[in-house]
Each structure stands twice: as structure tokens, then as C-alpha cells.
Amino acid sequence: MIKTHILGYPRIGAQRELKFALERHWRGEIGEQELEAVAAGLRARHWAEQRAAGLDYVSVGDFALYDQVVDHVLLFGCAPARFGFTGAETPLERLFTLARGVATEARDACGCGNAHGSGTHGKPALEMTKWFDTNYHYLVPEFDAATRFSLAPQRLLDQVAAARALGHPVKVTLVGPLSFLWLGKAKDGADRLGLLDALLPHYCELLARLKAAGAEWVQLDEPILGLDLPGDWSLAFERAYHLLHGAGVPLLLATYFSPLQEHLSLACKLPVAGLHVDGVRAPEELRSVADWLPPHKVLSVGIVDGRNIWRADLDACLARLRPVIDRRAGNLWLAPSCSLLHVPFTLAHDAALDAELRTWLAGAREKLNELRILKQALTDGEQSVAADLATARAALGSRRASPRVSRPDVAAALAALPSDADRRASAFAQRQAVQQARFGLPAYPTTTIGSFPQTPAIRAARAAWRRGDLADAAYDQAMRTEIAHAVQVQEALGLDVLVHGEAERNDMVEYFGEQLDGFAFSANGWVQSYGSRCVKPPVLFGDVARPAPMTVAWAAYAQGLTRRPMKGMLTGPVTILQWSFVRDDQPRALTCAQIALAIRAEVRDLESNGIGIVQIDEPALREGLPLRRAGRDAYLDWAGRAFRIAASGVADATQIHTHMCYAEFNDILPAIAALDADVITIETSRSDMELLAGFGAFAYPNEIGPGVYDIHSPRVPATRDMVRLLRKAAAVVPAERLWVNPDCGLKTRAWPETEAALRNMVAAARLLRAERAGAEARAA
Ligand SMILES: CN1c2c(nc(N)[nH]c2=O)NC[C@@H]1CNc1ccc(C(=O)N[C@@H](CCC(=O)N[C@@H](CCC(=O)N[C@@H](CCC(=O)O)C(=O)O)C(=O)O)C(=O)O)cc1
Ligand SMILES: N[C@@H](CCS)C(=O)O
Ligand SMILES: [Zn+2]
């Protein structure tokens, strides 16, 4: 029998109801009960949608108020001792303390929904990091020698009870014990795997309680089976799952994002009742899994893409499934490849997308319907869903044949690119000398990363403009006023290289997507990024071209307000690619090269309009790295080339910066150096400059601005703290190559703390400059 299910559903709400309720709660406008009522209403609605689409189970446990991983920290009672929980707190108080820090240092203490909480005082929130290769950030469990576990299952059991009361068959979703430990961070030399034996009895008890509560299945997500794992981690799976099996509830082991490869036979052998595999990212493994998995076990095939928004090619899906069915007629489940958390709720009626494009797309709801059609086609024959299949074929045909997708001029422009288009004319040392002479910057030059506070007034002006309530000219003027204010503040603070502040940008990727041909953007295609924060990834459906300059007028206006250098600010091709929903009909490398060409033209236009310094942000460079080691070199090769194509069309005297954040970079240092940016500004303060050790050891050749303060905290960093960090940096990177800047952009901050922090930062730079001048004078 064929069944359908999902690994998880988006929880933010079709109209971002959860986001708004969370932010109201944090501002003290609604209490816990009202927030819980919104959450319960969303869960009930989402289950109803799943059942209406004919899914055989609803998914329970995937709905997190903030993040599913931090929910497991609470479920297994392993909040770090540093939070000092006494048991007197409510579950929500504990959750938001872990997620946002304590009141005085809270991530989002101001209630705006921003992450503020990694300050070094008070109780900083748990660290956030990327969930595998997605743009979703989870809260990192913290383990240390004192970590103990205890089960607190009531919230989850209540949700099972609520789903059952509504008459739904329930499959509970949990992160599996090995992935949970792997995704955590060990402090004080603790051994994460060493915690497994202490954790497993609590998983067993939980499984038994879920069974007793009426859960028919429990899905245990173990996406780490798609990674290159150390041997002791792979070995631990058998031991762990033998124990879990004893709890008696059928277990579905879920893997996704990456092929199983050397873990394939292990995954097939584990004592679980079913195995889910990602048939989109690893279609080549389907047949082996179908052969290897014992026939009494359920095989769940992730057949519909959970990471992208294209309408499925149902004929291709059916063709892919047929050999599998032949092998396992009785026990086949169909599902999206991974949780639908990574796609918007629906794009079917989105007002910003044209009617033709909408037919090419599938949000979470539309993907549920695709599962329904596939199941019926396989169960009752294709004729039973002939109309649905015909509609899908027509949409696919229209996409394939559309003149909007292919642009011969773009192919020609790429083909015409000289082979050395990805190389600057001169070596760095030569460029550095020319740039020093041009800009005459002091030692330890100060700058910021680009964005200044996106205030409620800015957002409100843009919302009014989009609604048509504010005329173009008035909006333009409002943004110019913001830019002028940012310039005036920076001049008063004494920063050396200024930025215009990015007031006019809704998002650093969406803003460019809106202006480039080949992209479409939705009005409501929101995807959760972290907590209550969402992004609206543009839809990259066709060949990319730049019809007109995108940032030049704003940059030139800002430069006209000051005699100091104004940095032009662009998002790089890899990050635009990575944070968009990208076409699946050509290699990503080619799409990236097309974006690179557009950015190259923008860089040159900035240069010819008097902008001497241009920053090309690539915070997602690391995130695009394949999860498996194989394939990484090839990726770094084309990604690096795309960046260099964007950056290399300028004269020696034009200084190219890049910026990176939100990731560990030490394992890709050679690739970062190969970008050959004149200056890289990089997030380092949270690791207390540890990252720079890698840069020093590797002898990174160009200039570096290691972030000297964490922009996620409203705490104003003291000058002495930043001086200490800069001294640490100067110990590994020659001082003449060091810049002084924050970790990242300041868009989620408010002005008062921003000004105060930058004032202290400039003071730190001046202090080091004076010391250096003194030392030089003494040496002379
Ligand atoms: C650097 N980061 C980014 C990532 N991915 C991106 N695509 N962009 C990024 O910047 N990944 C890694 C990190 C993730 N960090 C963040 C940080 C902050 C946000 C965030 O603030 N998101 C906002 C939405 C931003 C946006 O698009 N704003 C629009 C419209 C906003 C909106 O909802 N407007 C309201 C009306 C508002 C009013 O009247 O005041 C509406 O339309 O209803 C804009 O500025 O115009 C968020 O609120 O979630 C995301 C990721
Ligand atoms: N220029 C961007 C980079 C963020 S990663 C900003 O300052 O917000
Ligand atoms: Zn950044």
C-alpha cells in the first residue's frame, strides 16, 4: 500500500501569524496564553491542510515556536547550567531565555524581533548557526562535562493529544539522538558522543510515552547520515537504534539533503520500521536502497523537492518511482525530500507573480497536492488523475518553451568574456600601493559592513510606497534623507570609509533580484530564517541580465555628500544564487556566472561614477559548500571564479572589498584567498579572534577587517574590549594589513547603540594608531 506523509510543515503561518504573535509577545503586548493560542490554531490549521491533501499522517513535533532544535534542548532537559534555571520559570520563559538571552542582554530586548543575544555579559543566548546547507538558523545545543538529561515531554504529548482529539493519525517528528548531539557544541573539552549513553534512556522513555499517547509512528531525523562522519559516530548508530527499537513504536529513520553513500547499508540495516531517503538530492541511490532495505520495512521516498519551489515533473517522478515499486510494492511511502520548512506556504495566488509563472511553482500546499496526485496515479492508475497530470505537463511545457527563460544575448555575453576576465590586471601588492596613494587612509582604517538600522520609519515608508500610498518621488526623498543622516553620523564619528547605509533595501538579496531580469519576486513567499525573522527569496527562473544600474544613483548621491571615500555596496553572485530559489534546468555554476556578469557591470558602473571602493558581500559562500567533501573543490572553483568575474573588471586603483559572516571559514581559507579581494571584512568577534589564527597561519595575503564587535547584541562594546581584540589580531596579521569594523551589518540594531558602539570602535582604532606611530617614531 502506498502512503503519503511529510517530514515537517512551515510553521510561521501563511500570513506570518506566528512571527507577529511572537514579536507582540516579546514587546509585552500579549501574554503566554494568547501566544500559545495562536500556535495551537496554526497547528490545527496545518494538520487540517495535511489531511485535506490526503496525507496518511499529520506531522506533530515539527511546530516550534522559535526553533525545533532548542525544543529538543528543553525536551531532554539539557539547558546549559549557565542559564541558572530553577524550575520556577514557565516553559516559554525558558525557551525564550535560551533563544534570546536574558532580559538585560536579550536577543531582541527591544522587541523588534532581531537577534541581539550574543553579548559577553549577562546570559547570552545560545549560538545560532546554519541548518546544514540551508538559510535556516538553528540554536546550537551547548554540552559540557556537567551536561545531564531529563525528560520533559508534556508539551509534545499535549500536541499529540490535540491532533488525536481532532481525529488525525499521528506521526511524531523528532531530531534523532545522534544528529542532536552532532549539531551541538562541546565546551570544556566535553565529548558529545560520550553523552549518547546518558541521552538514550530518555529517548526510549519518550518513545514509549508517545506510543502510549497514540502516536502511530515516530520519525527520527538523522540527516548526519548524509555527511562524512568519523567512524565512531557511524558505529554508534547500531547501538543507539537497537535500544530505541525496544520502545515498541514504529520508527521512521529520516535522512535528507545528501546521499547516504557509505552509510547506505548501515541505514538499511538499522532496526527501524522504515527509512526515508532524499530522492531529489540522491536519486541515484533509490534503486540500491530499494534492493537493500528488507522487504518488511517501509521505504519513504522523498520524491517532491522540499528545497525548491518548482512544480514537480510528475511524469519524471512516476518514472523514478516505478522501479522502486516493482521491488517494494507493499511498503512505499511518498514524501517531500525534506521538511517543507524551507519553502513558502503557497505561491498559487501570490499577487506579485504573474499568472504564467505561478503555474510553474509549488509552495508547501501545492507540494501536498503533488503527493496526492502521485499516490493516486500509482494506486488507481494514471487515468484516475489524468486531468491533474495534464495540467502539470502543460505548466512544465510552458516553462520549458518559454522565451522568458532563455536569452541568447546572455549566452553570447558569457561566451564573449575573455578567459582572463576573472583576474585583476595587477597583483595585489601593486594594487595596494596604488590604492594607498589614492585613498591615503590611516593605519587601522575604520569602516562598517554596509547596513545601518532599518528603522520602523524606513520599513513603514517602504510599505506605504509598495501599497501605492507614497509616491515614488516622496519615497526616494525619504530614503535620501536616511542616507544623508547615515553619512552625517559617520562623518561626525570620524569613520574613514563610509557607507550609504542600505536604507532603500528590503533585503540584501531580494533587492537585487527585484532589479535583475530572470528573477521574479513574490509578495508573500516568506520563509523562516531564524526565530521570528523571515526572508523572501527571489525566484530565479531565467537567464540573468541587468537591464539598468541598480545601486549607482544611491551610491553617487551618498558620495556627493562627503569628501571621504564612499563604499559601493553589492551582494555577490554566490550569495544571490544561494539565497534565491534557483532554476533547476541548468547547472548552478552557469546561473552563478550569469549573475556574476550582471554584478561585474554594476561594479564597473560604480567605478565610472566616482565610487573608488566597492564591497561585494559573500556571506553565503561557505554555506554553498557541498555537504560531502567530494564536490567541494569543484564548487569552490566555480564559485570563486564567479566572484572574481564580478570583481575583476576594474582598475588597480579601485579597491574591492568582500564580506563574510555566519560560518566557519578556516577550512576554505585558500579559496577565500583565491578571491583576491583587496580587503575582506569577516565575522570574528564571537570566536574572540580565534578564526584569525587560521588566517595568520595560512599567511592570508591581502588586507583583513576582523569584526571587533558582535552586532547581534545591543550591548555597547567598550573601547578596551575592541583594543584587546585588535591586539590579538595584530599578533597574527601584520598591522599594516588590518582594518577595523564590526562583525556584520547594523540593520537589526537601533541608532543610539549603533552610534555609541561605533564611537568606541573609532576610539579603539585611534588608540592603536597612536601606539603604532609612537613605536615607529621610537624606532626611527
Ligand atoms: C544576513 N542574513 C540574511 C540571510 N538571507 C537573506 N536573504 N538576507 C539576509 O539579510 N541569511 C542570513 C542572515 C539572516 N538574518 C536575517 C536578519 C534579519 C532579517 C529580517 O529582518 N527579516 C525581516 C524582513 C525583511 C524584509 O524583507 N523587509 C521588507 C518588508 C518587511 C515587512 O514585512 N513589512 C511589513 C510592513 C512593515 C511596516 O509597515 O512597518 C509588511 O509588508 O507586512 C522591507 O523592509 O521592505 C523580517 O521582518 O522578518 C532576516 C534575516
Ligand atoms: N552589506 C550587508 C552584509 C550583511 S551580511 C549588511 O551590511 O547588512
Ligand atoms: Zn554579514
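Whatever order the structure lists ligands and atoms in, that order sets their numbers, starting from 1.
Distances from atom 51 (C) of ligand 1 to the heavy atoms of Val509, Thr748, Ile449, Val535 put Val535 nearest. Of the candidates Asp507, Asn506, Asn524, Thr455, the one placing a heavy atom closest to atom 25 (C) of ligand 1 is Asn506. Of the listed options Pro538, Cys534, Ser451, Cys534 places a heavy atom closest to atom 24 (C) of ligand 1.
When the side-chain contact (heavy atoms from CB on, under 4.5 Å) test is applied to Glu491, the partners found at least two apart in sequence or on another chain are Val487, Leu498, Thr562, Arg564. Under the salt bridge (Lys or Arg N to Asp or Glu O under 4.0 Å) criterion, Lys728 pairs with Asp688, Glu690, not counting sequence neighbours.
Checking side-chain atoms of Gln528 against main-chain N and O of Gly531 turns up a donor-acceptor pair under 3.5 Å. A donor-acceptor pair under 3.5 Å is absent between the side-chain atoms of Glu753 and the main chain of Arg715, judged by distance alone.
Asp496 and Thr446 share a donor-acceptor pair across their side chains, judged by distance under 3.5 Å alone. Side-chain atoms of Gln615 and Asp617 form a donor-acceptor pair, as typed in the model, at a separation below 3.5 Å.
In summary, the atoms of ligand 1 found under 4.0 Å from a heavy atom of Tyr530, numbered by their order in the structure, are 15 (N), 16 (C), 17 (C). Listed by number with element, the atoms of ligand 1 under 4.0 Å from a non-hydrogen atom of Ala463 are 36 (C), 39 (O). Listed by number with element, the atoms of ligand 1 under 4.0 Å from a non-hydrogen atom of Arg16 are 33 (O), 41 (C), 43 (O).
Of the polar atoms of Lys747, at least one N or O is found under 3.5 Å from an N or O of ligand 1, judged by distance alone. Taking only nitrogen or oxygen atoms, main chain and side chain alike, Lys19 reaches within less than 3.5 Å of ligand 1.
Cation-pi geometry between Arg583 and Trp310 is not met: the NZ or CZ atom fails to fall both under 6.0 Å from the ring centre and inside 45° of the normal.
Tyr444 and Trp739 have their aromatic ring centers separated by at least 6.0 angstrom. Under the 6.0 Å cut-off for aromatic ring centres, Tyr136 and Trp131 do not qualify, their centroids lying 6.0 Å or more apart. Within the 6.0 Å centre-distance limit, the rings of Phe345 and Tyr9 are counted as a close aromatic pair.
Salt bridge status for Glu502 with Lys747: absent, with no side-chain N to carboxylate O gap under 4.0 Å. Classification of Glu514 and Arg466 as a salt-bridged pair holds, one side-chain N sitting under 4.0 Å from a carboxylate O. The pair Arg480-Asp476 counts as a salt bridge, with a side-chain nitrogen and a carboxylate oxygen less than 4.0 angstrom apart. A salt bridge between Arg467 and Asp469 is present, with a side-chain N of the basic residue lying under 4.0 Å from a carboxylate O of the acidic one.
Annotation: protein N, O or S atoms under 2.8 Å of the Zn ion (ligand 3) (waters excluded) comprise His659 NE2, Cys661 SG, Cys744 SG.
Assignment of Arg462 to the shell around ligand 1 is supported, since a heavy atom sits closer than 4.0 Å. Ligand 1 lies within reach of Ala460, whose nearest heavy atom is under 4.0 Å from it. In this structure, Arg466 falls outside the shell of residues with a heavy atom less than 4.0 angstrom from ligand 1.
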| said: Please determine whether ring-ring contact (aromatic ring centres under 6.0 Å, His included) holds for the pair Phe452 and His500, giving the CA-CA distance in whole Å, both sets of side-chain angles, and the decisive distance to 0.1 Å. | reply: CA-CA 8 Å; Phe452 274 118; His500 79 291; 9.5 Å; no
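When non-hydrogen atoms are compared, ligand 1 lies under 4.0 Å from the side chain of Lys130 (C-beta onward) but not from its backbone.
Residues with a heavy atom under 4.0 Å from ligand 2: Ile449, Gly450, Ser451, Glu502, Met508, Met569, Asp617, Pro619, His659, Cys661, Cys744, Gly745.
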